[in-house]
Novice: 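My structure is below; once you've seen it, I'll send some questions.
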Amino acid sequence: MNTRKNILSFPIFLLVFLIEESIFNQIHLPFGGFSLFLIFSLSWCALSTPETGAIAGFGAGLLMDLAPHSQGSVGQWTLVLIITGFGIAYLRYGDDSLRNSPLSLVVMVSLGVVVSLVLYVFAGALLGMDLGSSFQLMKTIIGNGVWTLAVTPFLLPIVSRLHGLIFETRELK
Amino acid sequence: MRQRGDNRSRLLFVILIVTSLFFITLDLRGVQVMSGIRSGAQTVLAPFEKGASAVFSPVGNFFSDVVHLGRTRAKLKRLEEQNASLRKTLIDRKSADAQIKQLKSTLDLAGTAGYTIVNAKVISQGNSTSFSETVTIDVGANKHLTRDMTVICGEGLVGVVKVVYPNTSLVLLASDPSFRIGVRIAKSQQIGILSGQGTDHAVLQLLDSQSSVNIGDALVARGSQGDKPFVPGVPVGSVSSISHSSGAISEIAEVKYYVNMNALGVVAVVVKAPLADPRDILVPKPPQPVPTVTVFVTPTPTPTPTPSK
């Protein structure tokens, strides 16, 4: 684990979070749109070791919990993103066939987004959150997954470059 | 195949999970720190959100609108229809308000004089090609109207019922060139004949060559025998100018009607006159001049400095 590098990555997460909250939240996309920050975080985790993935998930989840629009309990997104961040990094890190295929990365990030949303909804249901109709939930989750599939290929090179700048791509080799 | 994670990473994973569960517990227990942190984050984010909103709000709905173009059009059409309907309602309401105002003033006038009236609504104006000043009202024989009944509104005389139909009546307006009415100058016994001119002014000819008239004098209907076609006491107009013709036997004056014949909405037909002549009680009071406030300011004398000892 490299604490210094994890700390260095925090301003990048914060910047993406600010972009998401201030700019992307102004744009109303059909079928729920996508979360830039969630895609960025899971892509980052996918490029990292499981340890870094869990820490990045923790930080990203905490930021999402503190977002003004977040309706859940503080810690709910944190819990979800620790699990998915660690999970996606765990799956990607050990399998070289997955690591060398950008397409699989895109699919994995999209699945990661869907799983994160499902886990969030599940956790919310357990914690007594008012979640709305199941149709609306399904529409939002599937819509997010499809949007993520469309957006991630454009976002991935940027994430990869930023990740490389911080971690000097040593973890990818 | 790489080593996917050792015990250390699993331990870290568990610690982070426990930490997040700890946060959830604290939040569910209502610990102020958590809400304070969220409120602090909102405070930090608010300026960014405001700035971005000013820039991006015009394009915020662009993508959604593109996808829902058909739905947006239908919504736009529906809103346009609603808008048109609301506009019509508003116009109707304004018209109704104006009619209520006219009706109220008419009832006030009739009530003050003790006239028994039948209210009516003007449903059409006379055609200009007929060269006569008439209106059609929505009551007729069904309300026991008969020919030669006086028609009034809140301001005064409108005209006289000329033709009665089963459900409507034709009213000859006081402004019609063929209209003649015997009038009396209020607060005096001078009488004359008022003739319509097809405009908002009429001509008054005094009957007595010794009588004189002044600008601003109010004229009221003198009344007819059997109160037909005119009931007494109805305000007609006021003198607006006087012409002193050397060849005329008596004075001739131009009179402006109290009633605007082009804006008739609700009128009343007098079906029964009061037993006593109301005389001048219906004459509108002249407007009171508004006193002008004059303020005198006296400048304070400039103090002169006294030499110090």
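Order of the sequence lines fixes the chain letters, A, B, ..., with proteins taken first and strands second; residue numbering starts at 1 for each chain. Source: prediction; values computed, not measured.
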Novice: Run the salt-bridge test on B/Lys101 and B/Asp97 with the 4.0 Å N-O cut-off and return the result as yes or no.
Specialist: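 The answer is no: the pair does not qualify as a salt bridge.
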Novice: Looking only at atom types and distance, does a side-chain atom of B/Gln99 sit under 3.5 Å from a main-chain N or O of B/Gly265, one as donor and one as acceptor?
Specialist: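 Looks like no, no N/O pair under 3.5 Å.
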Novice: Where the side chain of A/Thr152 meets the backbone of A/Thr148, is there a donor-acceptor pair that is under 3.5 Å apart?
Specialist: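 It does hold such a pair.
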Novice: Relative to chain A, which segment of B/Leu28 carries a heavy atom at a distance below 4.5 Å: side chain, backbone, both, or neither?
Specialist: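 Only the side chain of B/Leu28 comes within 4.5 Å of chain A.
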Novice: With distance as the sole test, does A/Glu51 use its side chain to make a donor-acceptor pair with the main-chain N or O of B/Arg8 at under 3.5 Å?
Specialist: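 Judged by distance alone, no pair lies under 3.5 Å.
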Novice: Looking only at heavy atoms and a cut-off of under 4.5 Å, which of A/Ala123, A/Ser73, A/Gly53, A/Gly33 has the most pairs with chain B?
Specialist: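 Looking at each option in turn, the highest pair count goes to A/Ser73.
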Novice: Of all of B/Phe13, B/Phe22, B/Phe23, which one pairs up most often with chain A through heavy atoms under 4.5 Å apart?
Specialist: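 Max contact count across the listed options: B/Phe13.
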Novice: Let me know if A/Ile83 has heavy atoms under 4.5 Å from chain B in its side chain, its backbone, both or neither.
Specialist: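 Both backbone and side chain.
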